[in-house]
Amino acid sequence: MLRATFLRSLPLFALAFACRESSAPPSVPAAPQAQAPAPARPAADVKWGVIEGRVRLTGTPPPPTSSPTIGTVVSVCGEQTEDRSLVVGSEGALAYTVVSLKSASPLPAPRQPPAEPVLDQKKCLYDPPVLAARAGSQLTLRNSDPLVHNVRASSSTKRSFFNVAMPLEGMSTRKPLPEEPGVVPIRCDIHPWMRAVVRTFDHPYFATTSQDGRFRLEVPEGSHTLVFWHERLPQAEKTVNVRAGESVQVEQDWAVTDLHQ
């Protein structure tokens, strides 16, 4: 009797065991791993070329405007200071134009990184009046005058990035530029005619034209778009193809009629 009862129970045990086996959740396949971005090409594997040229302003430029100083600085800075937002040399050579690559995100690091930006205060003027720099880099500030200056950097919306007093001749300090690329105006509140501008980038491929309007960029071979930026002129672009070991000459001319205040 006991044996018969046991035999009749076997199918029920088997069915219960099968139900427990089938109710287990199916295994979930592992999610595919995201592919890492392709690493930048090692500098040793890169072939380099050069883009160089000259920037000019055609036509007769307007005379530079002057601003009167104040009595306490005349002995150091003179009675007048000259506006340097437009510096034109012989044959229309346009100084302080910023030349850059339009997009450099997939490019490798340059063989020679750009020099650290330095802004000096000389004879109640910022020198140079225009700088190019990496966004988020350190800007070195110097005071070469025996006068009290301050350096205030802010955005076009009046957001202040830093404001530092520099009361001593020979004083030097460093301040971080904003992480977001763009244009950083700089002013001195004590001497309101003092002004400069820093154009910042998220890559290291940029240069500023010299007094004779010339620039030079070493870049990887390939097709590149050059951007010409001047705070008083419309932005211009040119596409160039650079081959390894070669130098490509690029000229950029603006007309005087393109100028704005």
Side-chain angles (χ1 to χ4, degrees), residues 55-98 117-133 139-173 175 177-178 182-200 208-213 228-235 254-261:
V55 180
R56 296 182 301 177
L57 186 71
T58 61
T60 303
T65 59
S66 296
S67 299
T69 61
I70 53 179
T72 56
V73 303
V74 168
S75 61
V76 176
C77 307
E79 296 182 352
Q80 301 279 328
T81 60
E82 193 171 279
D83 173 56
R84 294 196 296 164
S85 64
L86 182 69
V87 179
V88 183
S90 61
E91 300 180 345
L94 188 58
Y96 304 121
T97 302
V98 178
V118 178
L119 185 66
D120 204 347
Q121 294 155 100
K122 297 179 179 179
K123 297 187 180 300
C124 297
L125 292 172
Y126 286 126
D127 186 46
V130 178
L131 279 167
L139 173 63
T140 297
L141 305 171
R142 292 177 183 162
N143 184 8
S144 295
D145 287 341
L147 302 167
V148 179
H149 291 299
N150 82 294
V151 184
R152 176 171 55 84
S154 59
S155 68
S156 57
T157 59
K158 306 303 181 183
R159 175 191 172 195
S160 180
F161 298 123
F162 59 80
N163 188 356
V164 57
M166 305 194 72
L168 302 176
E169 182 180 9
M171 181 179 177
S172 179
T173 188
K175 289 294 179 181
L177 291 165
V183 179
V184 182
I186 292 180
R187 300 288 186 270
C188 175
D189 298 312
I190 303 171
H191 310 114
W193 61 84
M194 292 179 63
R195 59 183 301 278
V197 63
V198 184
R199 181 77 169 86
T200 62
T208 305
T209 56
S210 59
Q211 294 291 325
D212 61 1
F228 297 85
W229 181 90
H230 190 284
E231 62 174 326
R232 293 186 57 185
L233 289 161
Q235 183 170 292
W254 278 292
V256 167
T257 52
D258 293 328
L259 279 170
H260 54 78
Q261 295 300 320

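T81 has its side chain out of reach of S66: every pair of non-hydrogen atoms, C-beta onward, lies at least 4.5 Å apart. Put simply, the side chain of F228 does not reach to within 4.5 Å of the side chain of T209, judged on heavy atoms. Within the 4.5 Å cutoff, side-chain heavy atoms of R195 are placed close to those of S85. With a 4.5 Å cut-off on side-chain heavy atoms, Q80 and P68 count as touching. Using a 4.5 Å heavy-atom threshold, the side chains of V184 and P178 count as touching. In this structure, the side chains of S144 and D120 come closer than 4.5 Å at one or more pairs of heavy atoms. Side-chain atoms of L131 and L119, non-hydrogen and from C-beta on, do get closer than 4.5 Å to each other. Counting heavy atoms from C-beta outward, V151 and Q121 have side chains that approach closer than 4.5 Å.
Note on D127 versus R84: salt bridge recorded, some NZ/NE/NH1/NH2 to OD/OE distance being below 4.0 Å.
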_Let's go through W229 and R199 carefully: what are the C-alpha distance in whole Å and the side-chain angles of both, what is the deciding distance for side chain to side chain contact (heavy atoms under 4.5 Å, CB included) to 0.1 Å, and is it a yes or a no?_
CA-CA 9 Å; W229 181 90; R199 181 77 169 86; 3.9 Å; yes
*asked:* side chain to side chain contact (heavy atoms under 4.5 Å, CB included) for R56 and L94? Distances and angles first, verdict last.
replied: CA-CA 5 Å; R56 296 182 301 177; L94 188 58; 5.7 Å; no
*Would you please test N150 and N163 for side chain to side chain contact (heavy atoms under 4.5 Å, CB included) and show each step?*
CA-CA 7 Å; N150 82 294; N163 188 356; 2.9 Å; yes
*Step-by-step side chain to side chain contact (heavy atoms under 4.5 Å, CB included) determination, L86 to L259*: CA-CA 9 Å; L86 182 69; L259 279 170; 3.8 Å; yes
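Not counting sequence neighbours, the partners of I70 by the side chain to side chain contact (heavy atoms under 4.5 Å, CB included) test are T72, V73, H191, W193. With sequence neighbours excluded, the residues satisfying side chain to side chain contact (heavy atoms under 4.5 Å, CB included) with A132 are V98, F201, F206, T208. Applying the side chain to side chain contact (heavy atoms under 4.5 Å, CB included) criterion to D212, with sequence neighbours excluded, gives S210, R214. When the side chain to side chain contact (heavy atoms under 4.5 Å, CB included) test is applied to P185, the partners found at least two apart in sequence or on another chain are R187. Residues satisfying the ring pair (Phe, Tyr, Trp, His ring centres under 6.0 Å) test with H230, not counting sequence neighbours, are none.
Counting only distance, with no hydrogens or angles, the side chain of T58 and the backbone of W254 share a donor-acceptor pair below 3.5 Å. Between the side chain of H260 and the backbone N or O of L233 there is at least one donor-acceptor pair closer than 3.5 Å.
Rounded to the nearest 0.5 angstrom, K122 NZ and N143 CG are separated by 11.5 Å. Between atom OG of residue S154 and atom CZ of residue F161 there is a gap of 7.5 Å, rounded to the nearest 0.5 Å. Atom CG of L139 and atom NZ of K175 lie 11.0 Å apart (nearest 0.5 Å). With rounding to the nearest 0.5 Å, the separation of CG in L147 from SG in C124 is 5.0 Å. Here E231 contributes atom CD and Y96 contributes atom OH; the two are 12.0 Å apart, rounded to the nearest 0.5 Å. Here CG of L168 is found 9.0 Å from CE of M166. Values are rounded to the nearest 0.5 Å.
Annotation for G59 and V256: closest pair C-CG2, 3.5 Å, computed over non-hydrogen atoms.
The list of salt bridge (Lys or Arg N to Asp or Glu O under 4.0 Å) pairs with a residue in residues 142-154, not counting sequence neighbours, reads R152-D189.
Summarising the local packing, CD of E79 is surrounded by 12 or fewer heavy atoms from other residues, nucleotides or ligands at distances under 6.0 Å.
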